[in-house]
Enquirer: 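First, the structure itself, so that you have it in front of you.
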Amino acid sequence: MRAYELIHRKREGGALTGAELEWLVRGFTAGEIPDAQLAAFCMAVFFRGMTPAEVLALTEAMLRSGDVLDLSAIPGAKVDKHSTGGVGDKVSLPLAALAVACGVRVPMVSGRGLGHTGGTLDKLEAIPGFRVDLPVARFVELVRDVGAGLIGQTDRLAPADRRLYALRDVTATVESIPLIAASIMSKKLAEGIDGLVLDVKVGRGAFMKTPAEARRLAETLVGIGRGAGKRVTALLTAMDQPLGLAIGNALEVAEGTALLRGEGPADLREVTVALTAEMVLLAGRAADLAAARGAVEAAIADGRGLAAWRRIVAAQGGDARVVDDPGRLPQAATRVEVASPAAGVVEAIDAEALGLAAMALGAGRARVEDRVDPAVGLVLRKKVGDPVSRGEPLLVVHRNPGGEPQPQVAARVLAAFTIGPGPAAPPPLVLERMAEP
Ligand code: URA
């Protein structure tokens with residue numbers, strides 16, 4: 001085989017066989033096929049796309065570039081959730097606890113935040129002592145004994161994806177649905193799961209800006225998962241305004257934990273319950289979706305979700321006292337309100353702009369190597385549809401010295417809010433469901 005011929009065929013709109021894709025991925029990972037040829041291949045895929053069979057074969061080749069965890073010795077269904085990323089999306093934390101409380105095993109390998117979007121690992125590390133860099137053997141023990149393990153990607157899980165993503169990042173080939181889908185699914189399938197719930201975010205704070213794009217990504221992800229023999233459900237959920245009120249790592253831990261106490265914002269609860277219920281259903285722990293939702297709601301109401309969260313935090317070295325006393329989480333030096341310049345109704349909040357404002361405070365990363373400050377961020381006081389009077393706070397900035405100065409943060413925040421005469425209704429949260437046939 002010659003890489004040149006495969007690139008040429010894809011460039012002309014042809015399809016590659018599974019064996020050809022396997023050869024390409026293996027050669028690239030071994031350093032035998034140069035970056036220039038893989039970059040040209042990615043650009044050809046960017047313009048020509050891939051057939052469902054090609055995307056599945058590419059994913060499986062990337063998956064086989066590393067280890068695939070074998071959790072078959074652990075009884076019960078192992079189900080994870082993956083979100084394509086958003087602003088204020090702390091769902092994974094309460095979701096893992098609630099799924100465990102409902103009898104689901106949750107092997108969760110997560111990522112870090114980049115740009116305007118947050119990452120689950122950064123949120124977990126805001127809990128003093130919480131370790132996400134655990135060896136695989138410990139991860140397997142956690143899934144077996146505690147019900148959930150929450151760790152970061154190891155060097156051995158889908159290493160081809162790590163190399164390929166770095167190459168796509170510098171060759172303007174990240175935004176290709178087949179390449180995104182293969183990247184996500186190669187990592188998820190390496191976790192040894194039986195089922196997967198996908199939360200494909202749609203809107204101005206999401207990777208996919210329109211429902212049509214999000215639907216295409218969801219269909220591709222679901223097709224790969226089912227092609228690999230897994231049970232998969234996808235929800236398309238709204239990400240125009242931030243989810244919940246808190247943006248920033250410790251602030252989001254506190255809000256996710258409040259949900260488990262039956263408190264906290266209704267939109268966060270709705271999305272968390274919807275996704276967790278899909279996990280419960282895929283795991284075969286409920287007869288239908290209504291029963292699955294009922295089980296999740298009961299685990300909030302009777303405190304089993306909160307108890308599971310205490311166990312998860314403690315098992316990974318975290319200070320479980322934060323669960324009942326959020327004051328023990330890292331706190332920013334100053335809290336300053338940003339007041340509304342006008343009276344009216346909040347008609348829109350640009351999630352991406354607020355994500356970037358939180359990043360400028362130090363809550364996120366502009367580059368992979370940046371460090372995050374766990375304490376800083378933003379807490380909204382108003383969401384879309386809320387009336388506001390002039391001078392009333394729109395949000396509170398939690399800032400530490402070293403973050404972007406308050407006047408600049410306030411200017412960014414104000415630019416993110418659209419205040420008009422209204423009325424404005426809060427948009428629907430769950431836009432579409434692609435369930436098991
Ligand atoms: N997330 C991933 O894991 N991979 C992509 O290519 C894009 C988003």
Side-chain angles (χ1 to χ4, degrees), residues 1-72 80 82 107 109 111 135-137 139-140 151-193 196 217 220-230 232 368:
M1 267 183 237
R2 288 179 57 214
Y4 177 93
E5 277 163 20
L6 305 187
I7 299 164
H8 184 270
R9 192 180 329 140
K10 182 45 68 187
R11 192 195 73 188
E12 297 305 305
L16 272 57
T17 66
E20 287 167 339
L21 288 161
E22 172 85 34
W23 179 82
L24 209 54
V25 170
R26 192 187 290 270
F28 173 62
T29 314
E32 289 155 10
I33 299 179
D35 285 5
Q37 287 188 306
L38 253 289
F41 173 74
C42 289
M43 192 57 88
V45 171
F46 182 92
F47 284 112
R48 293 298 195 167
M50 280 185 145
T51 66
E54 281 181 295
V55 190
L56 178 58
L58 176 65
T59 309
E60 289 184 332
M62 285 163 59
L63 171 68
R64 280 192 293 270
S65 70
D67 298 339
V68 180
L69 298 183
D70 180 5
L71 303 179
S72 58
D80 190 13
H82 177 81
V109 179
V136 165
F139 175 67
V140 175
I151 62 165
Q153 198 186 347
T154 71
D155 290 344
R156 293 298 315 147
L157 287 187
D161 173 62
R162 200 184 286 257
R163 282 203 63 190
L164 197 59
Y165 190 87
L167 191 62
R168 289 165 55 208
D169 201 26
V170 294
T171 55
T173 50
V174 168
E175 300 93 339
S176 151
I177 285 183
L179 296 180
I180 294 171
S183 165
I184 291 173
M185 293 303 286
S186 63
K187 287 173 286 196
K188 289 286 130 182
L189 296 175
E191 293 172 348
I193 45 173
L196 180 65
L217 177 60
T220 310
L221 292 165
V222 168
I224 296 170
R226 293 192 186 147
K230 309 296 176 191
V232 188
V368 192

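Just so you know, these numbers use all the heavy atoms, side chains as well, and skip hydrogens, waters and symmetry mates. By convention here, the first residue in the shown sequence is residue 1. Note that the structure is a prediction, hence the values are computed from the model and not measured.
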Enquirer: State the CD-CG distance between E191 and L157, to the nearest 0.5 angstrom.
Expert: 7.5 Å
Enquirer: How far apart are the closest heavy atoms of L196 and K188, and which atoms are they?
Expert: CD1-CD, 3.9 Å
Enquirer: Only counting residues at least two apart or in another chain, list the ones meeting salt bridge (Lys or Arg N to Asp or Glu O under 4.0 Å) with D169.
Expert: none
Enquirer: side-chain contact (heavy atoms from CB on, under 4.5 Å), that's the test. Do R162 and D155 meet it? Break it down for me.
Expert: CA-CA 9 Å; R162 200 184 286 257; D155 290 344; 3.8 Å; yes
Enquirer: Return the CG to CZ distance between L164 and F41, rounded to the nearest 0.5 Å.
Expert: 8.5 Å
Enquirer: Do you know which two heavy atoms are closest between S65 and A160, and how far apart they sit?
Expert: OG-N, 3.0 Å
Enquirer: Side-chain contact, heavy-atom cut-off 4.5 Å: L221 with V232?
Expert: no
Enquirer: Please list, chain by chain and in numerical order, all residues satisfying salt bridge (Lys or Arg N to Asp or Glu O under 4.0 Å) with K10, sequence neighbours excluded.
Expert: E54
Enquirer: So, for A158 and K187, which heavy atoms are closest and what is the spacing to 0.1 Å?
Expert: CB-CG, 4.1 Å
Enquirer: Cut-off 3.5 Å, no hydrogens considered: what does the side-chain donor-acceptor table look like for residues 23-31, sequence neighbours left out?
Expert:
{"from": "R26", "atom 1": "NH2", "to": "E22", "atom 2": "OE2", "distance (Å)": "3.0"}
{"from": "T29", "atom 1": "OG1", "to": "V25", "atom 2": "O", "distance (Å)": "2.6"}

Enquirer: Supply the atom-to-atom distance I7 CD1 to L38 CG, rounded to the nearest 0.5 angstrom.
Expert: 7.5 Å
Enquirer: Going by heavy atoms in the side chains, are F139 and L69 under 4.5 Å from each other?
Expert: yes
Enquirer: Would you please name every residue forming a salt bridge (Lys or Arg N to Asp or Glu O under 4.0 Å) with R11, sequence neighbours left out?
Expert: none
Enquirer: What are the two closest non-hydrogen atoms of A57 and L21, and how far apart are they?
Expert: CB-CD1, 3.9 Å
Enquirer: Contact between K230 and L189 at the side-chain level, heavy atoms closer than 4.5 Å - yes or no?
Expert: yes
Enquirer: So, for V109 and D80, which heavy atoms are closest and what is the spacing to 0.1 Å?
Expert: N-OD2, 4.1 Å
Enquirer: Please enumerate all residues that pass salt bridge (Lys or Arg N to Asp or Glu O under 4.0 Å) together with D70, with sequence neighbours excluded.
Expert: none
Enquirer: Is there a side-chain contact between R163 and D35 (heavy atoms, below 4.5 Å)?
Expert: yes
Enquirer: Which side-chain N or O atoms in residues 173-184 pair as donor and acceptor under 3.5 Å with protein atoms at least two apart or in another chain?
Expert:
{"from": "T173", "atom 1": "OG1", "to": "T171", "atom 2": "OG1", "distance (Å)": "2.9"}
{"from": "S176", "atom 1": "OG", "to": "L179", "atom 2": "N", "distance (Å)": "3.4"}
{"from": "S183", "atom 1": "OG", "to": "D161", "atom 2": "OD1", "distance (Å)": "2.7"}

Enquirer: What is the minimum heavy-atom distance between R9 and A15, and which atoms define it?
Expert: NH1-O, 3.0 Å
